[in-house]
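What follows is a short report on a single structure.
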2 protein chains.
Amino acid sequence: MRISETASASGLSIDTIRYYEKLHLLPKIARGRDGRRDFSAENVEWLILLSSLRETGMPMERMRYFAQLYQRGNETLSERKAVLVDHAVHLDMRRAALDRCSELLAYKLKRYDEMTEDLS
Amino acid sequence: MRISETASASGLSIDTIRYYEKLHLLPKIARGRDGRRDFSAENVEWLILLSSLRETGMPMERMRYFAQLYQRGNETLSERKAVLVDHAVHLDMRRAALDRCSELLAYKLKRYDEMTEDLS
DNA sequence: TACCAAGCTGGAGCAGCTCTAGGTCAAGCG
DNA sequence: CGCTTGACCTAGAGCTGCTCCAGCTTGGTA
C-alpha cells in the first residue's frame, strides 16, 4: 500500500507517518525497487492503533515504549496489554474532563442568556 | 490572589498563566506595589474557563479571538456565545474519538487474550 | 519525449508550553 | 539589625510533536 493510501486509512498525515518511522515507532517498512515505501496490512493496522492512541493523548515516549514491545514480538503481550489497560483508564479521565467542560459551557451559556435578557 | 493560588485554582501552571498574559489572553492584571500580580475573582473565573477550553482542545488562535471579545465587554456576548456553542460541538467530536479508541482497545485486548490462550 | 503527480530526504519552522538564569522583595529568625 | 528563605519577577532558551519547504527521483500518461 502506498503512503498516501496508508495516510487516509490511518488518519495520520504522510509527514507524520514518515516522522513516526524515523522515531522507530514502526517496524521496518518494505520499499519498492524505486525506493518508495510499501505498507503491509499489518503496518496499516498498527498505524491505525497508534493514530487512535495519539489522538486520545498518549505521549510520544509511551508510544515509543509500546512500539518497542511490539517489535519484540509475542513474548511482550502482557506488557502491551498493560499499556492498553492503562490507556483505557486515561480515556475515562479525558471523558470526565470533557464532561466538566460541557457543564461549564452550559453554565456560561445560561449566564450569557440571562445577561442579554437583562439588556433588552 | 497570588499567582500560585490562581494556578492551583485554575489548573494551569504559573508559567502558562504568565504566558497567556503575554499573549493578551487575559485582561490587564493588577499588580501589588512590589510588582507582583494580584488576580481578582473575575480573573480566576476567566482562567478556569480558558483552562477548560484549552484542555479540551481549543486552539490558541481561537482563544485569542475569544479573549478579544471578552475584553470588548458586553456588546460581544452573542459572538462569545457562538464560540462556546461551537466548542460544545467540538466536545462531542472528542467524545466520539474517545469512544472509538475505547472500542479499538477492547478489541485489541480481546485479541491479546486469545493469543495468550493459544500460547498456553 | 516531455510532462506531471507522487514519492523521497534533510532540515527549517511553528504551536504551546516548560525550564533556567539571574534578579527583587518581604517576612521570619537569631 | 543583618541574614536567610522563598515566592515572585523578566527575558530568553529548550522541548515536543508535528508541519512545511526545497530540491531531487521516478512512474505513468499524451
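Here is how names work: the chains are called A, B, and so on, in the same order as the sequence lines, proteins then strands, and each is numbered from 1.
- Heavy-atom nearest nucleotides on DNA chain D were determined for B:Lys22 and for B:Glu5, and the one closer to the 5' end corresponds to B:Glu5.
- Partners of A:Ser4 by side-chain hydrogen bond (donor to acceptor under 3.5 Å, both in side chains), not counting sequence neighbours: none found.
- Annotation: salt bridge (charged side-chain N to carboxylate O under 4.0 Å, His left out) contacts of B:Asp38 (sequence neighbours excluded): none.
- DNA chain C lies under 4.0 Å from at least one heavy atom of each of the following residues of residues 29-44 of chain B: B:Asp34, B:Arg36.
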Side chains of residues 97-106 of chain A: which donor-acceptor pairs under 3.5 Å do they make with residues two or more places apart or in other chains?
unit_1, atom_1, unit_2, atom_2, d
A:Asp99, OD1, B:Arg95, NE, 3.3
A:Asp99, OD1, B:Arg95, NH2, 3.3
A:Ser102, OG, A:Leu98, O, 3.4
A:Ser102, OG, B:Arg95, NH2, 2.7

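- Nucleic acid contact for B:Arg2: sugar-phosphate only, since backbone atoms but no base atoms lie under 4.0 Å from a heavy atom of the residue.
- By the side-chain hydrogen bond (donor to acceptor under 3.5 Å, both in side chains) test, A:Thr56 pairs with A:His87, sequence neighbours left out.
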Under 3.5 Å, which N/O atoms of the protein pair with N/O atoms of nucleotides 12-18 of chain C?
unit_1, atom_1, unit_2, atom_2, d
C:dG16, OP1, B:Met60, N, 3.0
C:dC17, OP2, B:Tyr20, OH, 2.7
C:dC17, OP2, B:Arg54, NE, 2.9

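- B:Asp15 pairs by the side-chain hydrogen bond (donor to acceptor under 3.5 Å, both in side chains) definition with nothing, not counting sequence neighbours.
- Of all nucleotides in DNA chain D having an atom under 4.0 Å from a heavy atom of chain A, the first and last in 5' to 3' order are D:dG17 to D:dG27.
- Using a 4.0 Å heavy-atom distance criterion, B:Ile3 is classed as a sugar-phosphate-only contact.
- Checked against ring-ring contact (aromatic ring centres under 6.0 Å, His included), B:Tyr70 has the following partners two or more places apart in sequence or in another chain: B:Trp46.
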Name the atoms and distances for all side-chain donor-acceptor pairs under 3.5 Å in residues 21-33 of chain B, with sequence neighbours left out.
unit_1, atom_1, unit_2, atom_2, d
B:Glu21, OE1, B:Arg37, NE, 2.6
B:Glu21, OE1, B:Arg37, NH2, 3.0
B:Arg31, NH1, B:Gly35, O, 2.9

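- Partners of B:Arg111 under the side-chain hydrogen bond (donor to acceptor under 3.5 Å, both in side chains) rule, at least two apart in sequence or in another chain, are A:Glu45.
- Partners of A:Arg54 by salt bridge (charged side-chain N to carboxylate O under 4.0 Å, His left out), not counting sequence neighbours: none found.
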